[in-house]
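First up is the structure itself, then whatever we jot down about it.
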Amino acid sequence: MSGAIPQSLHEQLSHQLSQVVGFIYPNEVETQWAILIVVYPYLTGIVAGAFILASLVKVFNVVEVQPIYRLALLTALAFMLVAGMPLQLHLGHPERAYEIFFTPQPTSAMAMFGFVYLWYLLGILLIEIWFEYRHQLVLMAQRSRGLMKGVYGALSLFSKDVSAEALAFDHKASKIITIIGIPSAFLLHGYVGFIFGSVKANPWWGSVLMPIVFLMSAIVSGIAMVMFIYILLSLLRNERLDMRCLDKVGLFLLVAIIVDFALEALDYIHRIYQSEESIGILTELVAARLFTSLVIVQLLLGMLVPLLILVLVRIVNFNEELRKLLYFSASVLILLGIFSMRWNVVIGGQLYSKSFRGLMAYKMEITGIESLVTALALLALPFIILIVLFRVLPPRWMEKNAPAAAH
Amino acid sequence: MNKREFLKDAILFFPAAATLQALAPTAEGKAESAKTPPDYDATRHWYGMGIDVDKCIGCNRCVEACKAENDVPDEPFFFRTWIERYQIRQNGETTVECISTRAAPPEQAEPEDPTVVRTFFVPKLCNQCAHPPCVQVCPVGATFQTQDGVVLVDAERCIGCRYCIQACPYGARYLNPKTRTADKCTFCYHRITEGLLPACVEVCPTEARIFGDLKGRADRLVRFHRVNPISVLKPDLNTEPKVLYARLDGEVR
Amino acid sequence: MRLPEQVTRLGIVIAIIVAAVLLLRFVILPDSLFSARPHQAAAVEREMAKPLRHAGVAACRECHEEQFELKYGGKHRNIGCENCHGPSARHAADENAEKPRLPREREFCLACHGFDASRPNGFPQVDPQQHKPRKKCVACHDAHDPVPPKTPQECGGCHGRIERTKALSTHALLACSSCHTVDERHMTEPRLARPTKPDSRETCGGCHAAGSTDPAASKAVVDLASHGGTYVCWECHYAHLPEGRK
């Protein structure tokens, strides 16, 4: 059967074949999971991390973080709505995707993840946000007219009761859902880690630590994203932000980074110490293909530098403006570093041959379905959704319009 | 039922009806007209393949025959089977090369490398594992093992997520660029169920590939399994491959 | 305890969604949608129905008995017809539909028989540059019974790698028959009448034992009584390249 494969694919694979070093199984020349599958764990990680940050307020009563509670929830929702898109776009047959829900194979982590995702979105996030915002929605429905009145009415499920008992129930319900939500968030992103960690064929992925490392890095990225958005909003709106809140978030971020770094360091030390058969090719992989993205971006710029910044902020008494700048820089570096970490895991795991005798290459396409442009669009989309969410569910509406009832 | 609820149900009716219509054909699990021999009983067979590495001459005809038989794209990026050349040197270094991706055999005999102490060809293909990791990870059950031991892909249900390709330790799978579904060696299932040999076995000039039925009583593969020291690829991964290599060199991965 | 009003409302919404899902799953939509089994059975049928491209030797034999018998008696007995003639199922079904290829060009035979060091020991190989360059193989060899016009007198005809190795060694001028006894049946039935390997130390000792007067072996003379126990010499020394690889 003669070649009528798409020209772009032919070019990409020819190029990648020419970049092969050593020996690879011939089918390995194609990078099966490309940039879209790098974006997807990045997005779900931020969802889990933002929710964990929000849960600090509700479950662990960290009142300093209260100002960004709703922001964290909305961030989680915005990213959650986009998280499924890279998967859908990546499929060879996206029109058959419903089969994952109709005929899931119970032994497949990917199939089970579909249900975990649905549970988290519908059972946790949406209900949590509903209870948090219900009072505001009722008030907004009362004070609006026409279409918006209908919209807010529907969003509040046309409930009217804003008595003290009803509100107290809302708070209690919120707390209970958050308590269920924390392990659910762990399950959400831990499952993504398990999808990789359970692949025994690939020693770069298949390790017991993978789900844990993924989860910790998710928490880091989620906290960093909320911090980033919070500071960005204050810059755009030219408003003061709550430094006590920011400092507290910075502290949690610091703790999260330390734990994440320790786990990743443990992974590397363990591999090198055990020195199994794959260590030769994996060392070559890091040196030849992943040096910049792993050593420079992920570890140095994405972890060590932000770690130093956050430690510095704690021990030196910088003024508010400088602290804001440092937190902003740290969060940007972390977000880049965690993205790089997803790249190093997903793409890195496909840059060496399972024969342990060669290295491949991945040439990301600029345009197309699985391309840089699509990835950037998917990374930008949550922010656009967030803008819409701010309009529909303004986080600080209560303080401005019903100060007596606000938290 | 009040106005609100009625409206909601009415609005939901149309997309629901459309979805049901679209799903109806899938519900029947439609099959094309099959020419299955009516008395073929899959439970009486357990297929496997034996590879005698000492016999392979690296002619690559099996690769060509497989591509012709199974509509595998001609390009050197997709293979259901391929041949590897090993060169093991005095100092322990091993060089491996896939000879199936080259455009044509070299015109001149290559100069001999005096540092090579062992050199041979190894045919590779899907191992049709008895404990297949690819089947384990398929989210929709599109890839499955038949009762006669062959792992197949249902190209009408595969969603092209590529998880199975990641899970295969042997690099046996690829994504078919035409069908956009996962694809791999099927032991030429359409041939073996009619009593024919897989295409690669059919054309192998030196009988380096032995196809057979491990449940058979008088079967070439059963004898192969008895008289040769047998090993499989990556036994530590517990995939229980059914492609049995005789006297395989330890350097082969 | 009375349920707060909002919980009742939320409960109703959730109940409706759950009911709708259950209704769809267990009542409205057919069960076969939710099981992979019937689809797998259908997939097996579809797989079995795929078209044959290779006919198989038995099919070729039905019409080409003469070529089959000729091939069966010769060295190419185990090569399937379609190895050389390509997939021929369409031709087997309708002989005029498509004629299989008739590869007569030299490169075709050299794909198997051109010298390659990785080929197994004893597989007949030629050096394409030295063996009748540019001449078509089929001019001298019948592809269905490729007995060479003259039985190769040189062992190197089939044992090319060994011959090349030995040619660079100190044993270059030694004939194969100095150490190996070869029955002439080996030329035509190689696996049935294998050459011998020396089974005593005296074979090598003839030139290499202490007191030997052979000028060629003068640099490698040992006292057999004290050298190498009772092992046969080739268990340590590679006679085709005794000085070893660098």
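Here is the naming used below: chain letters follow the sequence lines, and residue numbers restart at 1 for every chain. Hydrogens, waters and symmetry mates play no part in the numbers below; they use all other heavy atoms, side chains included.
The heavy-atom pair separating B:Pro73 from A:Ile5 by the smallest distance is CB-CG2, 4.4 Å. The shortest heavy-atom contact between A:Leu91 and B:Arg180 is O-NH2, 4.4 Å. Shown here for B:Val135 and A:Thr107, the closest heavy-atom pair between the two residues is O-OG1, 4.4 Å. Contact detail for A:Ser108 and B:Cys138: the closest heavy-atom pair is CB-O, 3.4 Å.
Residue A:Ile369 qualifies as open at atom CD1: its count of foreign heavy atoms under 6.0 Å is 12 or below. Counting non-hydrogen atoms of neighbouring residues, nucleotides and ligands closer than 6.0 angstrom, the NE2 atom of A:His15 exceeds 12 such neighbours.
Considering B:Ser100, B:Pro76, B:Cys98 in turn, B:Cys98 is the only one that fulfils the side-chain contact (heavy atoms from CB on, under 4.5 Å) rule with A:Pro26.
Looking at A:Leu17, the atoms closer than 4.5 Å to chain B (heavy atoms on both sides) all sit in the side chain, from C-beta outward. Contact annotation for A:Ser14: both backbone and side-chain heavy atoms come within less than 4.5 Å of a heavy atom of chain B. The part of A:Glu277 that comes within reach of chain B is its side chain, from C-beta onward, which places non-hydrogen atoms under 4.5 angstrom from that chain. With a 4.5 Å cut-off on non-hydrogen atoms, A:Ile37 does not touch chain B at all. For chain B, the nearby part of A:Leu9 is the side chain; its heavy atoms alone come within less than 4.5 Å. Contacts of B:Glu251 with chain A are made by both backbone and side-chain atoms, with heavy-atom separations under 4.5 Å. In this structure, chain A has no heavy atom under 4.5 Å from any part of B:Phe144. For B:Ala172, the part lying under 4.5 angstrom from a heavy atom of chain A is the backbone only.
How far CD of A:Gln12 is from CZ of B:Phe77: 10.0 Å, rounded to the nearest 0.5 Å. Interatomic distance, A:Lys354 NZ to B:Leu233 CG, rounded to the nearest 0.5 Å: 14.0 Å. Separating the CG atom in A:Asn27 from the SG atom in B:Cys168 is a distance of 9.0 Å, to the nearest 0.5 Å. Atoms CD and CG, on A:Glu276 and B:Asp236 in that order, are 9.0 Å from each other to the nearest 0.5 Å.
Ring planes of A:Tyr25 and B:Trp82: tilted class, angle from 30 to 60°.
Using a distance-only test at 3.5 Å, with no hydrogens or angles considered, no donor-acceptor pair links the side chain of B:Tyr163 to the main chain of A:Ala109. With hydrogens and angles disregarded, no donor-acceptor distance shorter than 3.5 Å links the side chain of A:His93 to the backbone of B:Ala155.
Contact count against chain B (heavy-atom pairs under 4.5 Å) is highest for A:Gln32 among A:His90, A:Gln16, A:His10, A:Gln32. The most heavy-atom pairs under 4.5 Å with chain A, out of B:Thr101, B:Asn238, B:Val252, B:Thr94, come from B:Thr94. For the set A:Thr103, A:Ile100, A:Val29, A:Val199, the entry with the most heavy-atom pairs within less than 4.5 Å of chain B is A:Thr103.
Between A:Lys200 and B:Thr239, the closest side-chain pair of non-hydrogen atoms falls below 4.5 Å. Two residues are said to be in side-chain contact when any heavy atoms from C-beta on lie closer than 4.5 Å; B:Arg253 and A:Phe23 fail this criterion. Residues B:Ile165 and A:Trp33 are not in side-chain contact: their nearest non-hydrogen atoms beyond the backbone lie 4.5 Å or more apart. Put simply, the side chain of B:Thr181 reaches to within 4.5 Å of the side chain of A:Arg96, judged on heavy atoms. You'll find the side chain of A:Leu13 stays beyond 4.5 Å of the side chain of B:Glu75, heavy atoms only. Residues A:Gln350 and B:Gln166 meet the side-chain proximity criterion, which asks for heavy atoms closer than 4.5 Å.
Ion pair A:Glu30/B:Arg162 flagged as a salt bridge, since at least one NZ, NE, NH1 or NH2 atom sits closer than 4.0 Å to an Asp/Glu carboxylate oxygen.
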